[in-house]
Amino acid sequence: MHLEKRFLVRAHRDLAVEVIDRDETLTSLFPDTETAVVSREGDRCTTHSKFQAMGKPAEATFHFTFLMDGNVRFEKVCDGNVWRELRGEVSFEEAGDETEVEIRLDGRTKALVPEFTIKGPMQDQLRDMAAALKRCMEDAARG
């Protein structure tokens, strides 16, 4: 499964790249969860989230790697029942006084989980991540 979301943010690229490296930005990417940064080592940051899925407690761990060009790769630790693999990237492109931000997700579900059952919720999650990221970047640009 491949999903992507693009949006423009009223901030220069350097500021957008700076903002995504903040703990509060990374934790805001997972709304309706109890998310914390649990580790930072070099160019890598790890978050851990607790949430409810289908009425049951669930957890998710993500590793974020900050690249030299300012982009950020991320991957989910797939130890649950749905994902075999889930990774993505956040990239930034200057667009005049604005920055185009793109979030891409690529994933493969486990054998007994049809992708069509998870695609809708993943599109919702991607939309929420983009909205949170845009809000953080524009708040920083306003000062």
Review point. What do the steps show when you test V101 against V90 for side chain to side chain contact (heavy atoms under 4.5 Å, CB included), and what is the final call?
Key: CA-CA 7 Å; V101 180; V90 181; 3.9 Å; yes
Is there a side-chain contact between [X] and [Y] in this structure, where contact means two heavy atoms from C-beta onward sitting under 4.5 Å apart?
X	Y	result
T47	T61	no
R10	D97	no
E98	E100	no
L126	L105	yes
K134	E138	yes

Practice item. Locate the shortest heavy-atom distance separating P31 from L29; write the atom from each residue and the value. Key: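 Where P31 meets L29 most closely, the heavy atoms are CD-O, 3.2 Å.
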Point to revise | Minimal non-hydrogen separation, A11 against A141, with atom names | key: CB-CB, 3.8 Å
Review point. Any Lys/Arg nitrogen of E89 or R104 sitting under 4.0 Å from an Asp/Glu carboxylate oxygen of the other?
Key: yes
Practice item. Just grab all the side-chain hydrogen bond (donor to acceptor under 3.5 Å, both in side chains) pairs involving residues 77-88, residues at least two apart or on different chains. Key: none
Just wondering, more than 12 heavy atoms not from [X] lying within 6.0 Å of its [atom1]?
X	atom1	result
R22	CZ	yes
E94	CD	no
K119	NZ	no
K76	NZ	yes
E24	CD	yes
R73	CZ	no
D69	CG	yes

Check your understanding: Pairs in or reaching into residues 5-35: which pass ring-ring contact (aromatic ring centres under 6.0 Å, His included), with residues at least two apart or in two chains?
Key ->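 Output for this query lists F30-F62.
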Point to revise | Step-by-step side chain to side chain contact (heavy atoms under 4.5 Å, CB included) determination, T33 to K50 | key: CA-CA 6 Å; T33 69; K50 294 180 180 180; over 6 Å; no
Measuring from atom [atom1] of [X] to atom [atom2] of [Y], what distance do you get when rounded to the nearest 0.5 angstrom?
X	Y	atom1	atom2	result
N71	E93	CG	CD	9.0 Å
K5	Q125	NZ	CD	14.0 Å
T25	R135	OG1	CZ	11.0 Å
L26	F64	CG	CZ	5.0 Å
I20	C45	CD1	SG	10.5 Å
M1	T109	CE	OG1	6.5 Å

Mind checking whether [X] and [Y] sit in one hydrophobic cluster, side chains of I, L, V, M, F, W, Y counted as touching below 4.5 Å?
X	Y	result
I118	I103	yes
L133	M122	yes
V82	F74	yes

Check your understanding: Under the side chain to side chain donor-acceptor pair (under 3.5 Å) criterion, do R44 and H63 qualify, and how do the steps go?
Key -> CA-CA 7 Å; R44 186 170 168 158; H63 298 297; 2.9 Å; yes
Exercise for review: Please determine which of V17, V9, L15 meets the side-chain contact (heavy atoms from CB on, under 4.5 Å) test together with T99.
Suggested key: V9
**Study point:** T27-T35 side chain donor-acceptor pair, cut-off 3.5 Å
**Key:** no
